[in-house]
Amino acid sequence: MPFDQIPRYGWCCQYLPPDGDAHAAHRLNPGTVTIATLSKLSGAARTAKLLDVLRRNLGALLGQLDIVAAAPPWRRLLRINSGLLPAYTHPIGQPLYGEPEVRALVEASLARAGAKAESAGIRIGLHPDQFCVLSSANPATLANSLDELEYHADILRMMGLAGGWHPHGAHFNIHGGGRAEGVDGFRRGFARLSEDARNLVTVENDEVSYGLDDLLPLADTVPLVLDVHHHWIKTQGQYIAPDDPRIAVVRDSWRGLRPIAHVSVSREDVLVDHDRDALPDFPALAAAGFKPRDLRAHSDRMWHRGINRFVGIHLEWADFEVEAKHKNLAVDDLERELRGA
DNA sequence: GAGGGTCAAGTCCGT
DNA sequence: ACGGACTTGACCCTC
């Protein structure tokens, strides 16, 4: 079956060994280095420090890909940590990435990573953080945001996943940003991206600034990523149905590729003793004194049977990235719910 | 080795 | 006006 026809779900950025093995956890997860630290180091030591972190991060990525490759086909989806190449877009880091030893390590490792993803049919995504605001009216912010997205395009390019429309379903996903400039502001920023980046970026509804309805006008420009938890918060309780007309708009925005969607659940220690089968009732929770900020926070696990079944019906049309603090263990929860594994 | 201050960046909300 | 949330808390200096 072609990779993009299999309904799938996966985890984001970090792997928790089910047996709690601390050495495995270190080997399989990224680290980082701050700009402040790099700034304090001299030339050779600065490069050495970056190389240390890069070896760890790229090794962790390759290890994560091996784990996902060993999972069943419907679990072959991975979000790569956007901090993979620290300081890549910063003036401190830029020259370091031009050094031969750094380039060789990064290029060779990402080529291997791309080959693993390709051979195992692993769908790849990334998620730049909140500082990436394509709609910003501030020229410096926009310039940083463009750099950041081109960095993400470079990662996918070095993995062999750039050139053309979302190769193998690859994407990097951002939010609409500030409301001030609206979707026209987003379009202005978007137009300044390289062609490769324009073919890789997606936009996701958030809880405060750009809800699903606000993003629909962008469906002709960029694929829409539906986050069902954000939608629930933004609309104060709406569980969108797969046959909702807006879902068709989202689906069409992907131009034939299976869409990506996000799921998360309110924290299990917020909804203590809450019914695990009935979908949480936002108006009732609000009336009971729960604040939106309490309901927004992500759970450790996919602990809610009703939400898991809700994901199950939406898998008909979308692949899901599971946003839970305990990562792959939360995907295991979903797996048990949907497949009885 | 433990503890605590610090970390490149934007935007919104609550106070 | 300012701290916190957002998210993936981790790094790194000091003791």
Side-chain angles (χ1 to χ4, degrees), chain A residues 10-16 22 25-26 28-41 45-46 49-50 52-54 56-57 60-61 64 78-94 96 125-152 173-182 185-186 189 203-211 214 227 229-230 233-234 236 262 264-267 270 290-301 321-331:
Chain A
W11 41 275
C12 302
C13 307
Q14 293 187 318
Y15 178 78
L16 282 72
H26 188 270
L28 289 165
N29 287 293
T32 190
V33 59
T34 60
I35 301 298
T37 298
L38 288 177
S39 302
K40 288 178 206 158
L41 295 170
R46 185 181 287 185
K49 176 62 186 176
L50 181 63
D52 280 347
V53 178
L54 288 174
R56 173 174 171 187
N57 288 3
L61 172 60
Q64 290 186 2
L78 178 67
R79 183 191 294 174
I80 297 174
N81 174 25
S82 282
L84 181 70
L85 309 180
Y88 188 92
T89 62
H90 192 277
I92 288 285
Q94 272 168 354
L96 303 179
L126 297 113
H127 197 352
D129 66 18
Q130 66 269 30
F131 302 112
C132 194
V133 184
L134 215 41
S135 62
S136 181
N138 180 332
T141 300
L142 177 57
N144 286 341
S145 301
L146 293 168
D147 286 349
E148 189 69 12
L149 291 174
E150 297 300 340
Y151 152 62
H152 283 75
N173 176 60
I174 58 174
H175 293 286
R179 284 182 300 221
E181 300 300 309
F186 186 94
V203 64
E204 171 194 354
N205 61 305
D206 64 65
E207 310 98 316
V208 284
S209 298
Y210 284 90
D214 302 314
D227 185 310
H229 186 62
H230 291 168
I233 298 284
K234 184 76 164 64
Q236 304 189 351
H262 291 176
S264 53
V265 189
S266 300
R267 291 197 54 77
V270 169
F290 288 91
K291 298 283 182 282
R293 67 168 177 272
D294 300 322
L295 298 172
R296 279 167 71 169
H298 294 176
S299 64
D300 291 337
R301 302 289 290 258
E321 293 177 0
V322 175
E323 295 183 321
K325 289 180 181 294
H326 290 183
K327 310 301 182 186
N328 51 296
L329 302 180
V331 179

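Per chain, numbering begins at 1; letters A, B, ... match sequence-line order. Keep in mind that the numbers below use all heavy atoms, side chains included, and drop hydrogens, waters and symmetry copies. As the structure is a prediction and not an experimental result, all values here were calculated from the model.
Taking the nucleotide of DNA chain C with the nearest heavy atom to each of A:Lys49 and A:Cys12, the more 5' of the two is matched to A:Cys12. Along DNA chain C, the nucleotide nearest to A:Lys327 and the one nearest to A:Thr32 differ in position, and the one closer to the 5' end is contacted by A:Lys327.
Taking the six-membered ring for Trp, A:His152 and A:His127 have ring centres at least 6.0 Å apart.
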query: What's the verdict on side-chain contact (heavy atoms from CB on, under 4.5 Å) for A:Leu85 and A:Asn57, showing C-alpha distance, side-chain angles and the deciding distance?
result: CA-CA 8 Å; A:Leu85 309 180; A:Asn57 288 3; over 6 Å; no
task: Just do the side-chain contact (heavy atoms from CB on, under 4.5 Å) check on A:Leu38 and A:Val33 with the steps written out, would you?
output: CA-CA 7 Å; A:Leu38 288 177; A:Val33 59; 4.1 Å; yes
query: Stepwise, does the side chain to side chain donor-acceptor pair (under 3.5 Å) test hold for A:Gln14 with A:Asn29?
result: CA-CA 6 Å; A:Gln14 293 187 318; A:Asn29 287 293; 4.7 Å; no
task: With side chain to side chain donor-acceptor pair (under 3.5 Å) as the test, would you mind laying out the steps for A:His230 and A:Glu204 before giving the verdict?
output: CA-CA 9 Å; A:His230 291 168; A:Glu204 171 194 354; 3.2 Å; yes
Working for side-chain contact (heavy atoms from CB on, under 4.5 Å), residues A:His229 and A:Val265: CA-CA 7 Å; A:His229 186 62; A:Val265 189; 5.6 Å; no
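On the P atoms, C:dG4 is 13 Å away from B:dG5, given to the nearest whole Å. When the P atom is used for both B:dC12 and C:dG9, the distance is 24 Å, rounded to whole Å. If you take atom P in B:dA8 and the same atom in C:dC13, they sit 13 Å apart, rounded to whole Å. C:dG3 and B:dT6 are spaced 14 Å apart, taking the P atom of each and rounding to whole Å. B:dC7 and C:dT7 have their C1' atoms separated by 14 Å, given to the nearest Å. C:dT8 and B:dG1 have their P atoms separated by 30 Å, given to the nearest Å.
Protein chain A contacts DNA chain B from B:dC7 to B:dC13, reading 5' to 3' and using non-hydrogen atoms of the protein with a distance under 4.0 Å. Contact footprint of chain A on DNA chain C: nucleotides with an atom under 4.0 Å from a non-hydrogen protein atom, first to last in 5' to 3' order, C:dC6 to C:dC12.
Judged purely by atom type and a 3.5 angstrom limit, A:Arg79 has no side-chain atom pairing as donor or acceptor with the backbone of A:Glu323. Of the possible donor and acceptor atoms, none in the side chain of A:Arg296 sits under 3.5 Å from a partner among the backbone N and O of A:Glu207.
The residue A:Arg56 sits close only to the backbone: its heavy atoms come under 4.0 Å of sugar-phosphate atoms, none of a base. Using a 4.0 Å heavy-atom criterion, one finds that A:His298 contacts the sugar-phosphate atoms exclusively. Residue contacts for A:Gln130: at a heavy-atom cut-off of 4.0 Å it reaches a base atom on one of the strands shown. The residue A:Ser145 sits apart from the nucleic acid: no heavy atom pair falls under 4.0 Å. A:Gly31 comes within 4.0 angstrom of sugar-phosphate atoms only, judged by non-hydrogen atoms across all strands, and of no base. In this structure, A:Asn81 reaches the bases: a heavy-atom distance under 4.0 Å links it to at least one base atom across the strands shown.
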- request: Treat a base pair as Watson-Crick or G-U wobble with both distances under 3.5 Å, then lay out DNA chain B in dot-bracket form, 5' to 3', with | for cross-strand pairs.
  value: |||||||..||||||
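Taking each heavy atom of A:Tyr210 and A:Gly178 in turn, the nearest pair found is OH-O, 3.2 Å. In plain terms, the two heavy atoms of A:Ser145 and A:Phe131 that are nearest each other are OG-O, 3.6 Å.
Between A:Lys234 and A:Asp206, no side-chain nitrogen of the basic residue sits less than 4.0 Å from a carboxylate oxygen of the acidic one, so the salt-bridge criterion is not met.
Two residues are said to be in side-chain contact when any heavy atoms from C-beta on lie closer than 4.5 Å; A:Asn328 and A:Trp11 meet this criterion.
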